[in-house]
Amino acid sequence: MTTDRQARIRRIWDTICDIPQGSVASYGQIAEISGIPHGARQVGYALRHLSDTHEVPWHRVIQTSGRIAFDKGSAQFEEQSQRLLMENVAVISGRVDMQKFRWQPDLDELLWKPSSAWDEQ
DNA sequence: CCATTGACCGGCT
DNA sequence: TAGCCGGCCAATG
């Protein structure tokens, strides 16, 4: 039996899996595409409870300001930075240039996974 | 049921 | 750039 919250979390993971290599998305962006308005914090929750960190590209999710969410000294911060650098996403002083690297799903992708994120911008 | 907590967000100083 | 603050809302105790 699948509860609502499990389905919700799975949707969040699915959306994150759609972020292409070399791009990043914000927590709020993932929430909206997943059909959870104002659900940025839920995205954080879903990520924190990731068991198989190899299946989901969690490192491509950062704050809307471009900052990595982890504390700058932490091991997690370092790992996320490394993973991003590995796919040519520039991390400078713990932040990413959102103008350059933010994921912008096109029509095909939205059709592929219908959502309520048409009116961004 | 109430209070606190978050891998958040946006506006304002 | 940095901090503060109110808003947000599911999960947790």
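Each chain gets a letter, A, B and so on, in the order its sequence line appears, and its residues count up from 1.
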Contacts of A:Phe101 meeting ring pair (Phe, Tyr, Trp, His ring centres under 6.0 Å) (sequence neighbours excluded), chain-then-number -> none
Rounded to the nearest 0.5 Å, the OG atom of A:Ser93 sits from the CZ atom of A:Arg67 at a distance of 8.5 Å
query = Any donor-acceptor pair under 3.5 Å linking the side chain of A:Trp13 with the backbone of A:Val56?
reply = no
Worksheet entry | A:Phe70 backbone acceptor or donor facing A:Ser74 side chain under 3.5 Å | no
Looking only at heavy atoms, the pair that brings A:Ala40 and A:Ala31 closest together is N-CB, 3.8 Å
Any chance the side chains of A:Gln63 and A:Arg95 put a donor and an acceptor closer than 3.5 Å?
no
When rounded to whole Å, the CD1 to P distance for the pair A:Ile12 and B:dG6 reads 18 Å
For A:Gln29 and A:Pro105 the tightest heavy-atom approach is NE2-CD, 4.2 Å
Q.
For a quick test of reading the model: is some side-chain N or O of A:Arg95 closer than 4.0 Å to OP1 or OP2 of C:dT1?
A. yes
Using the P atom as the point on both nucleotides, what is the distance between C:dG7 and B:dA7, in whole Å? 22 Å
What one should report as the nearest heavy-atom pair of A:Tyr27 and A:Ala69 is OH-CB, 3.4 Å
Task: Under 3.5 Å donor-acceptor, A:Gln80 side chain and A:Val61 backbone - done: yes
N/O to N/O distances under 3.5 Å, protein versus nucleotides 9-13 of chain B:
{"from": "B:dC9", "atom 1": "OP1", "to": "A:Tyr27", "atom 2": "N", "distance (Å)": "3.3"}
{"from": "B:dC9", "atom 1": "OP1", "to": "A:Gly28", "atom 2": "N", "distance (Å)": "3.1"}
{"from": "B:dC9", "atom 1": "OP2", "to": "A:Thr64", "atom 2": "N", "distance (Å)": "3.2"}

Side-chain atoms of residues 83-92 of chain A: list all donor-acceptor pairs with protein atoms under 3.5 Å, sequence neighbours left out, distances to 0.1 Å.
{"from": "A:Arg83", "atom 1": "NE", "to": "A:Glu79", "atom 2": "OE2", "distance (Å)": "3.2"}
{"from": "A:Arg83", "atom 1": "NH2", "to": "A:Glu79", "atom 2": "OE2", "distance (Å)": "3.0"}
{"from": "A:Glu87", "atom 1": "OE1", "to": "A:His59", "atom 2": "NE2", "distance (Å)": "3.2"}
{"from": "A:Glu87", "atom 1": "OE1", "to": "A:Arg60", "atom 2": "NH1", "distance (Å)": "2.8"}
{"from": "A:Glu87", "atom 1": "OE2", "to": "A:Gly22", "atom 2": "N", "distance (Å)": "3.1"}
{"from": "A:Glu87", "atom 1": "OE2", "to": "A:Arg60", "atom 2": "NH1", "distance (Å)": "2.9"}

Might you list the N or O atoms of the protein lying below 3.5 Å from N or O atoms in nucleotides 6-8 of chain C, with each pair's distance?
{"from": "C:dG7", "atom 1": "O6", "to": "A:Arg41", "atom 2": "NH1", "distance (Å)": "3.4"}
{"from": "C:dC8", "atom 1": "N3", "to": "A:Arg41", "atom 2": "NH1", "distance (Å)": "3.4"}

Donor-acceptor check, side chain of A:Asp97 to backbone of A:Gln99, threshold 3.5 angstrom: yes or no?
yes
In sequence, state the C-alpha distance, the side-chain angles, and the governing distance for A:Ile12 and A:Ile36, and then conclude on side-chain contact (heavy atoms from CB on, under 4.5 Å).
-> CA-CA 9 Å; A:Ile12 290 172; A:Ile36 310 170; 3.9 Å; yes
So, with a heavy-atom separation below 4.0 Å from DNA chain B, the residues of residues 74-92 of chain A are none
ask   = Can you tell me if A:Ser23 uses its side chain to pair, donor with acceptor, with the backbone of A:Ile19 under 3.5 Å?
value = no
Under 3.5 Å, N/O pairs linking protein and nucleotides 10-13 of chain C:
{"from": "C:dA10", "atom 1": "O4'", "to": "A:Gln42", "atom 2": "OE1", "distance (Å)": "2.9"}
{"from": "C:dA10", "atom 1": "O4'", "to": "A:Gln42", "atom 2": "NE2", "distance (Å)": "3.1"}
{"from": "C:dA10", "atom 1": "O3'", "to": "A:Arg8", "atom 2": "NH2", "distance (Å)": "3.0"}
{"from": "C:dA11", "atom 1": "OP1", "to": "A:Arg8", "atom 2": "NH2", "distance (Å)": "3.1"}
{"from": "C:dA11", "atom 1": "O3'", "to": "A:Tyr45", "atom 2": "OH", "distance (Å)": "3.1"}
{"from": "C:dT12", "atom 1": "OP1", "to": "A:Tyr45", "atom 2": "OH", "distance (Å)": "3.2"}

